[in-house]
Number of protein chains: 4
Amino acid sequence: MSSPRPPKFQRRKADRPDEIVAAALEIFAEKGFAAARLEDIAARAGVSKGALYLYFPTKQDIFRAVVEQGVAPNLDIVRAGLAEPTDDFANLLRGLVKALPSVIATTSIGGIVKMVIGESRNFPELAQAWHDKLVQPALSAMTGAIAAAQARGELRAGDPRLYAISLVAPMLVGVIWRETFTPVGAEPIDIASLAEQHVELWLRGVLSQAGAAA
Amino acid sequence: MSSPRPPKFQRRKADRPDEIVAAALEIFAEKGFAAARLEDIAARAGVSKGALYLYFPTKQDIFRAVVEQGVAPNLDIVRAGLAEPTDDFANLLRGLVKALPSVIATTSIGGIVKMVIGESRNFPELAQAWHDKLVQPALSAMTGAIAAAQARGELRAGDPRLYAISLVAPMLVGVIWRETFTPVGAEPIDIASLAEQHVELWLRGVLSQAGAAA
Amino acid sequence: MSSPRPPKFQRRKADRPDEIVAAALEIFAEKGFAAARLEDIAARAGVSKGALYLYFPTKQDIFRAVVEQGVAPNLDIVRAGLAEPTDDFANLLRGLVKALPSVIATTSIGGIVKMVIGESRNFPELAQAWHDKLVQPALSAMTGAIAAAQARGELRAGDPRLYAISLVAPMLVGVIWRETFTPVGAEPIDIASLAEQHVELWLRGVLSQAGAAA
Amino acid sequence: MSSPRPPKFQRRKADRPDEIVAAALEIFAEKGFAAARLEDIAARAGVSKGALYLYFPTKQDIFRAVVEQGVAPNLDIVRAGLAEPTDDFANLLRGLVKALPSVIATTSIGGIVKMVIGESRNFPELAQAWHDKLVQPALSAMTGAIAAAQARGELRAGDPRLYAISLVAPMLVGVIWRETFTPVGAEPIDIASLAEQHVELWLRGVLSQAGAAA
DNA sequence: TATGAATGAGTTTTCATTCAT
DNA sequence: CATGAATGAAAACTCATTCAT
């Protein structure tokens, strides 16, 4: 009960794993799994190498935690997006696009996407988890919404899944570009502008004549 | 009578480098640079570990050769594409789209794109080379053509560079999908269909009213 | 009751570098740089191969540390010798000669000299350091003292540097002999006796008639 | 009988081994045994790597040939020296000293001495051969001659073996110096002058009073 | 014979993981 | 709990030696 002099800034033990995962995300995103050194992760997290093993049994487990931790927040976002009423398609999209920049800024999807792509063959379970929990649900939801809109006559005929891909791909490419080419001096892509312009393009491209006329 | 047991030594100096690079491409694309073992590359190329060092001084040099070798054929494709007359924009695009599937099938861009993304921080020179020699020229050419078409009144107003990205992104995502999610059981994306449908979508989205009416 | 089996890990950070250098000296002196195996050095030092890399980044650095560490103690000896008053030349030499055996016994110059000679082309910096810091200063000091004595008329005319070499060479040969031929069964050279007899010989050979008469 | 067109400069096959040994001497003297690469020796000898194996079964055998070939000419020199009448000691020495420079220039003792010193532990048989065939006979002969001169009253009392070492050591050191320190910028030692001055010094140091007066 | 591409055993080097403190 | 020195298995790299040509 009575610890003699409680330290002012007590290191919250409960936070350690998260700190480690955050540090690991940076290192893994930069180097990839194999080239990342636990020593660097430990240093970035401000703990000793040994301490990592108090929280994670192996390097792979740290990696899994990183990628899984990357799923959760995005999962929420996707869920939230899907919960929206889908009747006014155009405005829904415009709303999502508005939200995009802050999502990208706060979630470090960039690094995670890079890791998922780069390590998909070394950690198939992770690629699979990402696909099954995130990508596929989001894609189906969009596909479904598009199909529904087609059924209502709002959208043109065409493969709704491919329309969905047409919709999201440029933003994904923007994120990858930022991770890959911007650091080597390429002209950055302004993802917000891209999203805005692309959504309008896409809407013009898929709205049926009737809808377009509206 | 009996084939006198296959020779232990094979002398094929001229072919070896290419064979090694081809083998290395497969392994690197699968595992990434750090996780790839020279022993595996050697085995896949059908040579001994030591033989690799007859042609490449280090593992990094093999990797560089792989990525650089990936530039050349694509460079030709890009050049060829740019050489086309750009006056009839829509048909030019439709022509390129027709060519796409064979390009993707024959060049293993998939693996190379994955490597460039995944190792961009570990081999910035390669990411830069890819950007400077391939991505940036292709992108500027498209941007220029789009801007010209806008000036002629064929295409709507809007940032031509972002339009270009809107155009190519889905195909890129298709390629990445094939590398990342198809191997873990995801439903494949038919890139040819995607391209075809997307180009029409894009054209409808960017053609000016006048043009659209035509 | 029973000593609970010797610990697998020993933590001795402070002592380790010296222990490694000491072990390395033995191995390098025996085999030379290239033929020495890090495994042997590690074993002799009582550590694992990996532990060497906690203290030295490469094999070459271990070697450099060994040779450089060999400079220091000898440097002190040379400095001490040079600090002596040089007016009574004969007695100075006799004093130095008395000190010689313990120097040779305690400093393992033998092995180091052998290494410096054997690896002078592979590690020119080390040969140079040895020359510049040790050999050349000692030789000039002696040359200077001899020249001064000549000027005072105590010693005969003649090249003082060559006189200095005449003076020290036999002791050096004695050291080399011990490293080279004694281990293969040659009759040892008693360096102390050699030094004593040689100094007297040398003095008789260089003292001027007047001095000799005294 | 009738080779159609006899090549003008026929490669004498009989010379090959010697050419290889000569090349190997240079490389071994420079790098030592372990660090010397057969490829370099082959290149220096102007033959292919495989050709070495037509004449020598292993690297060690090349090395042995080099060191043994270094014995022969010196052996002759020593024998010649010993055959001389030893009655006039002083003049004998002066004669030998005159011969020294050409011996040093023509026999590359330098490199061989360095190799024998550096590899004595790795190839004890060679160190032993050198000692038994060359060094020890020469040293005993000198020792014997000195002892005889002492018996005749020409030379002072003292250990004759040590006197012999006193006599030859500076020249040996001169040779080592040339191999070790001259290449890193040290002031060269003029071995001829050294020898001349040292022999006179030595004679003054060992001749008995009576002899000195003579 | 002669070549030099190819081999594979041996060494250096790295780093995830363990454990004495 | 925490540390970081130490381990040792695994990977890159070297080069004497072999052998198809």
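Letters A, B, ... mirror the listed sequences (proteins, then strands); counts begin at 1.
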Within the structure shown, what part of the strands sits under 4.0 Å from [X] by heavy-atom distance: base, sugar-phosphate, or nothing?
X        : answer
Ala35(C) : nothing
Ala42(C) : nothing
Leu54(A) : base
Ala43(A) : nothing

Closest-nucleotide 5' rank along DNA chain E - winner of Gly50(B) and Ala34(C): Gly50(B)
Arg37(C) or Ala51(C), whichever maps to the more 5' nucleotide of DNA chain E: Arg37(C)
To the nearest angstrom, how far is [X] atom [atom1] from [N] atom [atom2]?
X        : N       : atom1 : atom2 : result
Phe63(A) : dC15(E) : CZ    : P     : 17 Å
Glu39(B) : dG8(E)  : CD    : P     : 11 Å
Tyr55(D) : dT17(F) : OH    : P     : 18 Å
Ile62(A) : dT17(E) : CD1   : P     : 8 Å
Phe33(D) : dT14(F) : CZ    : P     : 19 Å
Glu19(A) : dA2(F)  : CD    : C1'   : 14 Å
Leu52(A) : dC15(E) : CG    : P     : 15 Å
Ile27(D) : dC15(F) : CD1   : P     : 13 Å

Secondary structure string for DNA chain F (Watson-Crick or G-U under 3.5 angstrom, | for other-strand pairs): .||||||||||||||||||||
Heavy atoms from other residues, nucleotides or ligands near NZ of Lys31(C) exceed 12 (cutoff 6.0 Å): no
Presence of Tyr53(C) side-chain N/O under 4.0 Å of dT14(E) phosphate oxygens OP1/OP2: no
Below 4.0 Å: OP1/OP2 of dC1(F) and any side-chain N or O of Arg16(A): no
Minimum-distance nucleotide (side-chain atoms of Leu38(A) versus dT17(F), dT7(E), dA16(E)): dA16(E)
Residue met sooner reading DNA chain F from 5', once Ser48(C) and Pro57(B) are mapped to nucleotides: Ser48(C)
Gly46(C) vs Gln60(D), nearer the 5' end of DNA chain F by closest nucleotide: Gly46(C)
Close side-chain approach of Phe33(B) to Lys59(B), heavy-atom, < 4.5 Å: yes
Working to the nearest 0.5 angstrom, can you tell me the gap between [X] [atom1] and [Y] [atom2]?
X         : Y         : atom1 : atom2 : value
Lys114(C) : Glu179(C) : NZ    : CD    : 5.5 Å
Gln128(D) : Ser120(D) : CD    : OG    : 11.5 Å
Ile41(D)  : Phe63(D)  : CD1   : CZ    : 10.0 Å
Leu25(C)  : Ile20(C)  : CG    : CD1   : 13.5 Å

Sidechain N-carboxylate O distance under 4.0 Å for Glu125(B), Arg64(B): yes
Contact summary for Ile112(A) and Gly70(A), nearest pair of heavy atoms: CD1-CA, 3.2 Å
Check: Lys49(D) side chain, dT17(F) base, donor-acceptor under 3.5 Å: yes
